Each structure stands twice: as C-alpha cells, then as structure tokens.
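First the structure, in the form of structure tokens, and then the observations on it.
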Amino acid sequence: MQRYPESVQWMDVMAAQDLEMGQIVTVEREEGDVVVFRTASGQTVACDARCPHQWAHLGTAGAVDGEEIVCLSHFWRFDQEGTGSKLSAAGRRDEKSSITTFEVRENEGRLEIAVRD
Ligand code: FES
C-alpha cells in the first residue's frame, strides 16, 4: 500500500544529524525555495521560504523560536502546521496568513522533503 500519491517526490536535503536545533537551511527549487528547520524540541519542519506577508525570505530573515519559525521583518510566526500568527506586546496571539508546509522524513540518515511534480 502506497502512502503518498505518485506525484509526490522525495527530495534530498542534507544529513539529518547536521541540522542543529534552531538552524534554518534553504532548499533552492525552480518552483520556489523551501526552508527546513529544527525546532527546540528537535522536530524537523519544512515550509515555503517566502513569508506570505511581504515575501521576506525566511532563509535569511527567519529565526526559530521554540517550535515556530519567525519572520524577522515584521514578526509573523508560523507553527509546524504552517498556521500564521503574530504576538502582541501584551502576549495576545493574532491570526495571520498561513504558509505552505512540506512533509519531512528521515531516510537512511538523510532528510528528505515531499515535493510535487
Ligand atoms: S515579510 Fe514576513 S512578517 Fe512581514
């Protein structure tokens, strides 16, 4: 039984052990860059590199904060499902646009992301 549709391809990213907590790596693709990052708890997450707000590149303008990636341009943040939000100074979490995420797997010590043709 196949878990993924045939149109999904697994793209090699890097050795899994080389992605450190808080590190963000850019995967360049013709269809648009993807960033892969490791959260504070060790989860590996992949999402579009371009912030849906004003298109800042999270590979250069992003930072991992706990379990989320934060766009440092205007501080929108995205969780592991890509849900967007922004924290107010008082700690209120306001909903923002979401970002596309990609499934990540570890295969024989390599990180791979699921991309569509
Ligand atoms: S461009 Fe990312 S928060 Fe504005």
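We count ligands from 1, going down the list as the structure has it; atoms in each ligand are counted the same way. Please read these numbers as outputs of a predicted model, since none were measured by experiment.
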NZ/NE/NH1/NH2 to OD/OE distance under 4.0 Å, R110 and D12: yes

Basic-acidic side-chain contact under 4.0 Å: R50, D33: no

Atoms of ligand 1, numbered as shown, that sit under 4.0 Å from any heavy atom of W76: 3 (S)

Heteroatom of H53 nearest to atom 4 (Fe) of ligand 1 (N, O or S, atom name): ND1

Angle in degrees, rounded to 10°, that SG of C71 and SG of C51 form at atom 2 (Fe) of ligand 1: 110°

Enumerated ligand 1 atoms positioned under 4.0 Å from heavy atoms of Q54: 1 (S)

Which N, O or S atom of H74 lies nearest to atom 4 (Fe) of ligand 1, by name: ND1

Lys/Arg-Asp/Glu bridge criterion (N-O < 4.0 Å) met for R93, E68: yes

Atoms of ligand 1, numbered as shown, that sit under 4.0 Å from any heavy atom of A56: 1 (S)

Distance-only polar pair, side chains of E67 and S41, donor-acceptor under 3.5 Å: yes

Side-chain (K86) to main-chain (H74) donor-acceptor, under 3.5 angstrom: yes

